[in-house]
Amino acid sequence: MSALLSSTPFSAIFAPSELIRFLLPTQSRLQLSSLTRYRSGFKSGTSRSLNLRCCSTMPLQDQSENRLCSQDSLFYSRAFWVTKSIIAWNVRAGEGECYLYASRKAGLCVADDGIQGHDVKIKLERTNYGLPQQVIEKFPHIRDYAAFEVPATLDFQSLVKGQLAVGIFNSYGKCASATGLQLSGILDELFSYTGPLGAVFATEAVSLYLWAPTAQAVQALIYKSPSEADPVEIVQLKELDSVWSAKGPRHWEGCYYDYEVSVYHPSTLQIEKCVSNDPYARGLSADGKRTLLVNLDSDDLKPEGWDNLQDEKPNLLSFSDVSIYELHVRDFSANDPTVPHEFQGGYLAFTSQDSAGVQHLKKLSSAGITHVHLLPTYQFSGVEDEKHKWKYTDIEKLNSFPPDSEEQQALITAIQDEDGYNWGYNPVLWGVPKGSYASNANGPCRIVEFRKMVQALNRIGLRVVLDVVYNHLHASGPFSDFSVLDKIVPGYFLRRNADGGIENSTCVNNTASEHFMVERLILDDLKCWAVHYKIDGFRFDLMGHIMKRTMLKAKSLLNSLSTEKNGVDGSSIYIYGEGWDFGEVAKNGRGINASQFNLFGAGIGSFNDRIRDALLGGSPFGHPLHQGFVTGLYLEPNGHDLGDKANVERMLTVSKDHIQVGMAANLKDFVLMNWDGQEVKGSEVLMHDGKPVGYASSPVETVNYVSAHDNETLFDIISLKTPKDISVEERCRMNHLATSIIALSQGIPFFHAGDEMLRSKSIDRDSYNSGDWFNRLDFSYNSNNWGVGLPPKEKNERNWPLIKPRLADPSYKPQKSHILAAVENFLNLMQIRYSSPLFRLKTANAIQERVRFHNTGPSWISGLIVMSIEDGHQGVPGLSQLDPIYSYIVVIINPCPTDASFANLALRARSLQLHPVQMNSTDVVKNSTYDASSGCFNVPARTTSVFVEPR
């Protein structure tokens, strides 16, 4: 083998990742296999040889301490240059001298007597006092590392442009340990920048600005078209204080460009020539191959009336008035025959005023829905921008298979990475609309059509929320076409673990908002969408992986935007997100993160998973048959073993407490009587793991929901969890019941598109790449998409034995009459919510004063939730008057399979009557009654009844 290696390029024998493992000693190979390092750094199929420098054929071992200083040491970055004067490294006390090594040409290698190939060797002095407090606050995960002082006279700007390593020697003068460095600390301290970035247009010129402090050279390759092979101009950028810039003629506008960045990359230990888009790109060629030089302020890119759109936006008096409808751009129209074919699945479908989909949105808007939340619409990977490259499946063939067949999913998954469908949670560039939703992915078409979509939605009374995914990027490393940020400043934009590998807890390539220029990019991007696309809200994917500081700055930045200066009213932009606390950021592991508990008092919304789990049962990660409040827990068991009857009844009572806290906006300090008869705060009602249920300080901090794009649809999970022998009508009632609780709760109600139409994805728990077939919406109300085959094997096979008999049973499938009833019920619920401000109280104090729960404590009627909301009277001491129409409201939620009665002395002798909307509906809710003399209410099975006291 050694003879072969001496005459043959390594890359001809091994894939690059296998080559590394061959060269490393066994122990190091095991260490490397356990690391998640630059996943795109050694891409399979890359046609390049890897130039590993080996100064010694064997690892160096200190026999007295049994430690390795081996060839693989520099593939790790276990030391942190945290400030210009301090390097932190987790090495033991008592070890000898420590040195910093630098090589401009990336020639460092490990030898018997230390590290060779360096241009610079600097002795570091170990301190006795550890890391300073400000460093620990910025890097809490390395709080116990040793601190080494760096001389103040160094040329830091030059040093960070090459390969860097540190080595420490034992008492025998041998290298005990060596490693590369992570540079985010020193880059933030010395090179943070607040000036212009991206392409800046002036009257006579276009200027380019790129922040790249570690780059050795940068040039821009200018192209006349998106596809021509050779640039018409190559421009060398000049560096000043970490920013590279160049000025060109104004006629560059409409051209395309790439950056070629010469930079040391820690994934290859080499100086790489990385070809990349501009991180501040505002336009792209198809599939993001090149950045389009586009001026978003150009009148040519503005639909008629665009500059005055702020004046046409629907009114929003308070964030407590927000209600959200979550929708995927392609789902909305890909299968709608009433949309012109060329618009189907794209931005312009929202401009088709007479289409079935737009007519449905108009109904939602008229009933009260205020915001449409669009799943990712930035440039993401997984879908080719050019439609002629897509593959399709024969619809007639798919329709020919039985409802429980494996054939549909097999055909869909065979082309799932080559069709036109993906949710889009694999970001490439945050600041450019996705090209596949435009009629032409090249040029400025995507910009114009995106603006037309926003304008059309605003004009039918709906504000627009963007789903932003700032927590991770699709690719990293110097080679992938989808890698951008990690080519510009390698190792900086992505969050790295203690060994230097990229953290992947979000999915892949976690970003590091705790770094100054990452945070700045996020803030600049938000401002661009708000100002140039007039976006009305932002939903932050995995918000808990973003620092709280970043979220507070985002809120402040958006709030500062004004109609006079920016053309938008930033005070009406609502932000919310997923405040889950897990991975390396959990328990403030990388600083104070934007988790549910940490956001108390921030005025930023977070999804309330407590009410979701209590309503449905278990959690998305638990047993699929675990029942909840609306799916039959205790009241209609499905046979899944949850313990004895007493335990199951207690589970129902606990679920009821969780729901009641959620209906009171999940407030931390809301006081109610729990199932045991004790007065407790929302934070004293506990989940199964001991964490508090209530965590919010105000209603706008709670986003209540029972389903979203993730996991099964509401109708599907109900069909899975309920007993097999109940009717489809009963399952539809449960669907109505669940949406009614969300619609009538304090806080922000959130609905997944199609919940109101009994939407099904054939029980697919993760349809992110399941094609149009499993994600179809039918606004003709003829079908809810139930029974279109077993859901894709990858995420669902484990549950196929449960799913198959349900899909095969024709009695599970709703008819058009069921879907129409569901739509009517949903519209009625929203009309009720917006018929009184008492359903949308603005403060925690107002909720505590006005909202009461009855039927609490140990002597309760099983399952029944009874909530009252009280208003004051004009000129009467006590509560202020908020509602000019109703002075008192009672909401009764009956999940039981039979009619229920409830009497309460506190509710006697009132002038209550069924809400007019329900009284005039075609639903059985109209049979609800109230007897003033006894204070007794009668409510039909699986029904939410609303009683009001007119003034």
Side-chain angles (χ1 to χ4, degrees), residues 157-158 160-161 183-184 187-223 231-263 273-285 288 290-298 378-379 428-432 444 447 470 473 483-490 492-493 511 515-529 531-532 557 566:
Q157 185 167 359
S158 177
V160 299
K161 294 183 180 299
L183 303 180
S184 61
L187 295 183
D188 277 354
E189 180 181 1
L190 297 183
F191 305 112
S192 293
Y193 170 74
T194 58
L197 289 171
V200 178
F201 291 82
T203 305
E204 301 294 333
V206 178
S207 298
L208 301 177
Y209 299 91
L210 180 72
W211 184 76
T214 62
Q216 295 185 4
V218 178
Q219 56 185 14
L221 284 63
I222 311 295
Y223 298 88
V232 294
E233 194 172 352
I234 298 176
V235 181
Q236 304 294 327
L237 278 70
K238 296 180 179 180
E239 185 186 16
L240 179 63
D241 297 332
S242 78
V243 176
W244 299 78
S245 64
K247 182 177 288 188
R250 182 61 194 244
H251 65 70
W252 273 4
E253 184 174 0
C255 294
Y256 296 83
Y257 68 103
D258 285 325
Y259 283 127
E260 185 181 86
V261 182
S262 297
V263 64
K273 278 193 175 181
C274 298
V275 177
S276 172
N277 276 293
D278 190 331
Y280 276 73
R282 297 297 176 237
L284 290 169
S285 61
R290 293 170 183 167
T291 300
L292 174 66
L293 279 158
V294 59
N295 180 9
L296 295 181
D297 289 322
S298 170
Y378 49 70
Q379 185 68 12
V428 177
L429 280 162
W430 294 323
V432 185
I447 298 166
Y470 295 127
L473 293 165
S483 175
V484 177
L485 297 178
D486 201 42
K487 292 178 177 178
I488 304 298
V489 191
Y492 175 81
F493 286 95
T511 52
H515 301 165
F516 181 90
M517 295 302 289
V518 182
E519 178 179 84
R520 183 192 160 175
L521 178 57
I522 292 171
L523 298 176
D524 288 346
D525 192 68
L526 289 168
K527 184 176 181 180
C528 176
W529 285 110
V531 172
H532 292 292
L557 168 70
N566 309 105

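In this chain, residues are counted from 1 in sequence order.
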Checking D278 against D258 for the side chain to side chain contact (heavy atoms under 4.5 Å, CB included) test, could you report, in this order, the C-alpha distance in whole Å, the side-chain angles of both residues, the deciding distance, and whether it holds? CA-CA 7 Å; D278 190 331; D258 285 325; over 6 Å; no
Could you go through L429 and V484, starting from their C-alpha distance and side-chain angles, then the distance that decides it, and tell me whether this counts as side chain to side chain contact (heavy atoms under 4.5 Å, CB included)? CA-CA 8 Å; L429 280 162; V484 177; 4.0 Å; yes
L197 vs M517, test: side chain to side chain contact (heavy atoms under 4.5 Å, CB included). Steps then yes/no. CA-CA 11 Å; L197 289 171; M517 295 302 289; 4.0 Å; yes
Starting from the C-alpha separation in whole Å, work towards a yes-or-no answer on side-chain hydrogen bond (donor to acceptor under 3.5 Å, both in side chains) for Y193 and D241. CA-CA 9 Å; Y193 170 74; D241 297 332; over 6 Å; no
Evaluate the criterion side chain to side chain contact (heavy atoms under 4.5 Å, CB included) for residue pair I447 and V432; output intermediate values, then yes/no. CA-CA 8 Å; I447 298 166; V432 185; 5.9 Å; no
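At least one test fails for R290 against the ring of Y257: distance under 6.0 Å to the centre or angle within 45° of the axis.
Counting heavy atoms from C-beta on, the side chains of Y259 and L210 come closer than 4.5 Å. Side-chain atoms of I222 and I234, non-hydrogen and from C-beta on, never get closer than 4.5 Å to each other. Counting heavy atoms from C-beta on, the side chains of F201 and R250 come closer than 4.5 Å. A heavy-atom distance below 4.5 Å is found between the side chains of S242 and W211. A heavy-atom distance below 4.5 Å is not found between the side chains of Y209 and L237. Contact annotation: the side chain of S245 never approaches that of L240 to less than 4.5 Å [non-hydrogen atoms, C-beta and beyond]. The closest side-chain heavy-atom distance from T291 to N277 is below 4.5 Å.
Judged by distance alone, with hydrogens and angles left aside, the side-chain atoms of R282 form no donor-acceptor pair with the main-chain N or O of L296 at under 3.5 Å. In this structure a side-chain-to-backbone donor-acceptor pair under 3.5 Å is missing from W529 to G431. Judged purely by atom type and a 3.5 angstrom limit, K161 has no side-chain atom pairing as donor or acceptor with the backbone of V263. Under the 3.5 Å distance criterion, the side-chain polar atoms of K487 are left unmatched by any main-chain donor or acceptor of V261.
Residues passing the side chain to side chain contact (heavy atoms under 4.5 Å, CB included) test with D188, sequence neighbours excluded: K138, S192, Y492, H515, F516.
With 3.5 Å as the limit, one finds a donor-acceptor pair spanning the side chains of E233 and W252. Checking Y378 against D525 by side-chain atom types alone, no donor-acceptor pair falls below 3.5 Å.
To the nearest 0.5 Å, atom OG1 of residue T511 and atom CG of residue L521 are 9.5 Å apart.
Residues Y470 and W430 bring their aromatic ring centres within 6.0 Å.
For residues 212-221, the pairs satisfying side-chain hydrogen bond (donor to acceptor under 3.5 Å, both in side chains) are Q219-Q236, Q219-E260, with sequence neighbours left out.
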